[in-house]
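Just so we're clear, the structure is a prediction, and the values are computed from it rather than from any experiment. First listed ligand is number 1; within each ligand, the first listed atom is number 1.
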Amino acid sequence: MINATPVPILSDNYVWVLSAFGSANAVVVDPGDAGPVLDFLEQSNQECSAVLLTHHHADHVGGAAEIGQIWKCPVYGPIDESIPAVTHPVGENDAVAGSRLTFKVLSVPGHTRGHIAFVGHGHLLCGDTLFAGACGRIFEGTPQQMYDSLSRLAALDPKTLVCCAHEYTVANLEFALQVEPGNAQLVDRLVSACSTRSTGQPTLPSSLKDELATNPFLRCHQPEIVEAASTHSGRQLEPGVEVFTEVRRWKDQG
Ligand SMILES: [Zn+2]
């Protein structure tokens, strides 16, 4: 078992700080800003054993070099992206280790060309690929790549806890309800997320099981979503990547 804490930074990012129960050594994921993470480590009496980076965007890597230098620890990042702070480039199937924690690397291109995710100890660190209730924008890859990447994540153990890098949940679920208004579990999830946010708490981590039940980007074969996407596009779409592409386009317009 591990502790996983989302440390809020910038406007709506989370830096995940992970440690084995009883251990003072932490792994830090996507530190876009060093200050709040260093403060958290100090307040919780933890040391940083490794920094993990999912992709090159500044709000995910901005504080990585400083944290790596202060703690003299490895900075793991995607082998197919150029990130100056990275000391250990990694790709598909590599293992990354910090303290007593080990994570496997999955290649999940789409948001960026070389985006990677880390999975281990029942947790998925997915950067800007999978969000609670949605997925990341497709900046550098193709819709087919993003669809394939999400399908890989969807095939993990449903009990996996999903550690997303942004607090977008309420807006995502509001959009999801436009796409699938008949999903009662989705309605419940939105009510619950609004209540959580009203007290200032993070809605994350979510569980893959909840994503499979309510995230339209993982449900592109559901008849109601196929129908809604087809109506939105003005032509009958095939379940799967065609529906995914239209739902992504629909959300981008919103
Ligand atoms: Zn990003």
Please confirm whether [X] and [Y] have ring centers closer than 6.0 angstrom.
X: H166; Y: F131; result: yes
X: H115; Y: H56; result: no
X: F118; Y: H123; result: no

Please verify the inter-ring angle class for H111 with H57; under 30° counts as parallel, over 60° as perpendicular, anything in between as tilted.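 The rings of H111 and H57 stand perpendicular, inter-plane angle above 60°.
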Output the rest of the hydrophobic cluster of F21: all Ile, Leu, Val, Met, Phe, Trp and Tyr residues reachable through side-chain heavy-atom contacts under 4.5 Å, sorted by chain and number.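 M1, which link up through side-chain heavy atoms under 4.5 Å apart, make up the rest of the cluster.
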Would one find more than 12 heavy atoms of other residues, nucleotides or ligands at under 6.0 Å from atom CD of Q253? yes
Return the set of protein N, O or S atoms whose distance to the Zn ion (ligand 1) is under 2.8 Å, each given as residue and atom.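 Result, waters dropped: H55 NE2, H57 ND1, H111 NE2, D128 OD2.
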